[in-house]
Protein chains: 2
Amino acid sequence: MQKRVPITGDSTLCSTCMLGHVCLPVGMPAEDIDKLSTLVRERVRVEKGRTLYTLGDELDAVYGVRSGSIKTQIERAEGQLQITGFHLPGELVGMDGMLEGHHMSTAVALEDTEMCVIRLADLDRIASHVPALQPQFRRFMSKEIIRSQHMLLTVGSLRSEQRLAAFLLNLSQRLAMLGYSANEFVLRMSREDLGNYLGLTLETVSRLFSRFAREDMIRINQREVEILDMPRLKKLIGQDS
Amino acid sequence: MQKRVPITGDSTLCSTCMLGHVCLPVGMPAEDIDKLSTLVRERVRVEKGRTLYTLGDELDAVYGVRSGSIKTQIERAEGQLQITGFHLPGELVGMDGMLEGHHMSTAVALEDTEMCVIRLADLDRIASHVPALQPQFRRFMSKEIIRSQHMLLTVGSLRSEQRLAAFLLNLSQRLAMLGYSANEFVLRMSREDLGNYLGLTLETVSRLFSRFAREDMIRINQREVEILDMPRLKKLIGQDS
DNA sequence: CGTACATTTGACAGGAGTCAAGATCCGTGG
DNA sequence: CCACGGATCTTGACTCCTGTCAAATGTACG
């Protein structure tokens, strides 16, 4: 567990945060968003490779990615490890773990990352005079359910090339939402992480990248990706155009 | 969408329901549970094979299984279908779908089934004077996140025989929680459903059942299962004893 | 009692895993 | 600034698990 640092000044309220259009406040009425000023009172910096929280840690808050990126993973006693998500700015992590009050997963920074701390006590306190907040938070939990169910479909019923294509398209789209290029980006995770996430081996992922590049669908240089033929990638997973 | 029927009399409040030890009230203080009397005001009967709700239906409530069982599935445009869960009494369905206010999945009864209707409006109304209710509901959503992430691990990193063993053990355990036999039960779903759920084909599932039976780990006759060697099943997935 | 559906079983093929060897990149220290 | 060493990534050869296709058998329901 990393050290939480109080936010100084009010330069960084939810109401003025650049991520308002993707993060927790999205879609809420402006007057309600103004009332979220004490929702995030602390931040946590996590260096690349370090953990934000670990399986079993006590949980009194969930976290929003402010900058950087995070992977979350679950483990089984036998050492099996499954990466459950790569999280970009505006996305919340830690919502599993609310069942027991202990984290059910581990969150590791893929690069130097800053997280907003959303204490559950603050959430309920503020919700008592901002009625829209509870439904809004449920929406975010619902989104997390949908996300993992969608991954289940991906891993359970798509072939390897389709899984990788789906991953690239999903990442591209999320980066575009954040104002980054949809066609050119840097993967923050290793081939091994990616393989684990998609239910493949790192060799298969590597081979697929090479093949996609050979077929001029992408250009790839280590972790730099350029998507050259978005329509064909989409066609690969059955989406038209 | 099936017809909702008001509950008559108060013979079936949450506070007196037999499923209280597994359903939404579990762990809440008795005085709070007493205040849930108007949380479930309607029920829905769903015949075997019929849908409780369908992808795209408007959502104003989530549902708890009162008796019977339900499968939930998501779909992709291309016709791919992924079963995301088989739900027993006391379990909630429909919590995906709170994101958009429309169901993101379809729920189909595996046998004649009765569901409790939990309207979201009622949830928030009651929560305003039962502070423990919102955290409790979040716990159930959290549980759903954990469940689907665990399935992701199962499908993403276990071999076919391990997946089926994990399924049998999980079902056995949930049935035991409900007071049924942990060793003898009836599968309510087809081999095809089971295969789809586990990311396998129906033939593979059938072969595995036959093999487990040949190796005296289970006895199986169509959908009747008897677990003969629980320790060996557990060992198969790496759990000791 | 017959027909449609569900399940079992076999033969075969192919996609992804495993094992192994190189190539490339990157951080560290001289 | 450059050289070294470990980590990461690529590629090849081969294996095997699971999927596909097909046929037979069993079961349930009208």
Side-chain angles (χ1 to χ4, degrees), chain A residues 47-50 71 79-83 108 110-112 153-168 186-215 218-225 236-237, chain B residues 47-50 71 79-83 86 108 110-112 154-168 186-215 218-225 236-237:
Chain A
E47 283 173 44
K48 178 177 177 171
R50 311 216 60 155
K71 68 173 171 181
Q80 270 133 342
L81 186 145
Q82 175 71 43
I83 294 175
V108 180
L110 294 171
E111 60 194 305
D112 289 358
L153 186 149
T154 299
V155 173
S157 65
L158 300 188
R159 292 177 313 137
S160 61
E161 54 174 24
Q162 296 180 301
R163 295 185 209 178
L164 189 61
F167 167 78
L168 288 172
V186 175
L187 301 174
R188 299 297 178 179
M189 71 295 293
S190 67
R191 299 287 187 269
E192 185 174 8
D193 280 353
L194 200 38
N196 181 296
Y197 179 59
L198 297 173
L200 302 169
T201 58
L202 69 95
E203 291 94 331
T204 298
V205 171
S206 178
R207 272 186 252 272
L208 286 170
F209 273 139
S210 300
R211 207 185 85 207
F212 284 1
R214 209 177 318 126
E215 295 174 357
I218 64 171
R219 205 180 47 67
I220 185 152
N221 185 348
Q222 297 295 117
R223 298 191 180 182
E224 294 169 28
V225 179
L236 206 57
I237 59 172
Chain B
E47 283 173 45
K48 176 175 179 174
R50 312 215 60 155
K71 68 174 172 181
Q80 271 133 345
L81 186 145
Q82 175 71 43
I83 293 175
F86 300 113
V108 180
L110 294 170
E111 58 194 304
D112 289 357
T154 299
V155 173
S157 66
L158 301 187
R159 292 179 313 136
S160 61
E161 55 174 23
Q162 295 180 303
R163 295 185 208 178
L164 188 61
F167 166 78
L168 288 172
V186 175
L187 302 174
R188 298 297 178 179
M189 71 295 293
S190 68
R191 300 286 188 270
E192 185 173 10
D193 280 352
L194 199 39
N196 180 296
Y197 179 59
L198 297 172
L200 302 170
T201 58
L202 68 96
E203 290 95 333
T204 299
V205 172
S206 178
R207 272 186 251 272
L208 286 169
F209 273 138
S210 300
R211 206 184 86 207
F212 284 1
R214 208 179 318 127
E215 294 173 357
I218 64 171
R219 202 182 49 68
I220 185 154
N221 185 348
Q222 295 296 116
R223 299 191 180 180
E224 295 170 29
V225 180
L236 205 56
I237 60 171

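Every chain is numbered from 1, with letters handed out A, B, ... down the list of sequences.
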Visitor: Rounding to an integer number of Å, can you tell me how far B:E224 CD sits from C:dT7 C1'?
Guide: 14 Å
Visitor: So B:L194 and B:L200, do their side chains get closer than 4.5 Å, heavy atoms only?
Guide: no
Visitor: Checking B:S210 side chain against B:S206 main chain: does a donor-acceptor pair fall under 3.5 Å?
Guide: yes
Visitor: May I ask you to say what B:S206 touches in the nucleic acid, namely base, sugar-phosphate or nothing, with a heavy-atom cut-off under 4.0 Å?
Guide: base
Visitor: Tell me what B:R223 touches on the nucleic acid: a base, only sugar-phosphate, or nothing, going by heavy atoms under 4.0 Å.
Guide: sugar-phosphate
Visitor: Taking only nitrogen or oxygen atoms into account, show me every contact under 3.5 Å that the protein makes with nucleotides 11-15 of chain C, one pair per line with its distance.
Guide:
| residue | atom | partner | partner atom | Å |
| --- | --- | --- | --- | --- |
| C:dA11 | N6 | B:R207 | NH2 | 3.4 |

Visitor: Would you check if the side chain of B:Q162 reaches a backbone N or O of B:R159 as a donor-acceptor pair within less than 3.5 Å?
Guide: yes
Visitor: Do any N or O atoms from the side chain of A:R191 and from the backbone of A:Q222 form a donor-acceptor pair under 3.5 angstrom?
Guide: yes
Visitor: What parts of residues 194-202 of chain A reach DNA chain C, counting only heavy atoms under 4.0 Å away?
Guide: A:G199, A:L200, A:T201
Visitor: Just how large is the angle between the end axes of the helix from C:dC1-D:dG30 to C:dG30-D:dC1, five pairs per end, to 10 degrees?
Guide: 50°
Visitor: On DNA chain D, reading 5' to 3', which nucleotide is the first and which the last to sit with an atom under 4.0 Å from a heavy atom of chain B, could you check?
Guide: D:dT18 to D:dT27
Visitor: Going by an N to O cut-off under 4.0 Å, is there a salt bridge joining A:E111 and A:K48?
Guide: no
Visitor: Record whether the side chain of A:E203 comes under 3.5 Å of the base of C:dC19 through a donor-acceptor pair of N or O atoms.
Guide: yes
Visitor: Less than 4.5 Å apart, side chain to side chain, heavy atoms only: is that true for B:Y197 and B:V155?
Guide: no
Visitor: Say whether, by atom type as modelled, one donor and one acceptor occur between the side chain of B:N196 and the main chain of B:L81 under 3.5 angstrom.
Guide: yes
Visitor: Report yes if the side chains of B:F212 and B:V225 come closer than 4.5 Å at any heavy-atom pair, otherwise no.
Guide: no
Visitor: Is the backbone N or O of B:G199 less than 3.5 Å from a side-chain atom of B:R163, with the two atoms forming a donor-acceptor pair by type?
Guide: yes
Visitor: Flag the pair B:R211 and B:E215 as a salt bridge only when some basic side-chain nitrogen lies within less than 4.0 angstrom of an acidic carboxylate oxygen.
Guide: yes
Visitor: Could you tell me whether the side chain of A:E161 and the main chain of A:L208 form a donor-acceptor pair under 3.5 Å?
Guide: no
Visitor: For the residue pair B:L168 and B:F209, establish whether any side-chain heavy-atom pair is separated by less than 4.5 Å.
Guide: yes
Visitor: Please enumerate all protein N or O atoms sitting under 3.5 Å from an N or O of nucleotides 24-29 of chain C, with distances to 0.1 Å.
Guide:
none

Visitor: Heavy atoms, side chains only, cut-off 4.5 Å: are A:V205 and A:E203 in contact?
Guide: no
Visitor: Do B:F86 and B:L187 have side chains that approach each other closer than 4.5 Å (heavy atoms only, starting at C-beta)?
Guide: no
Visitor: At 4.0 Å (heavy atoms only), tell me whether A:R163 reaches a base, stays on the sugar-phosphate, or touches nothing.
Guide: nothing
Visitor: Between A:E192 (CD) and C:dT18 (C1'), how many Å, whole number?
Guide: 14 Å
Visitor: Check the distance between C:dT7's P and B:L208's CG and give it to me in whole angstrom.
Guide: 15 Å
Visitor: For the pair A:S157 (side chain) and A:L153 (backbone), establish whether a donor and an acceptor sit closer than 3.5 Å, ignoring hydrogens and angles.
Guide: yes
Visitor: Can you list everything that forms a side chain to side chain donor-acceptor pair (under 3.5 Å) with B:R223? Sequence neighbours excluded, please.
Guide: none
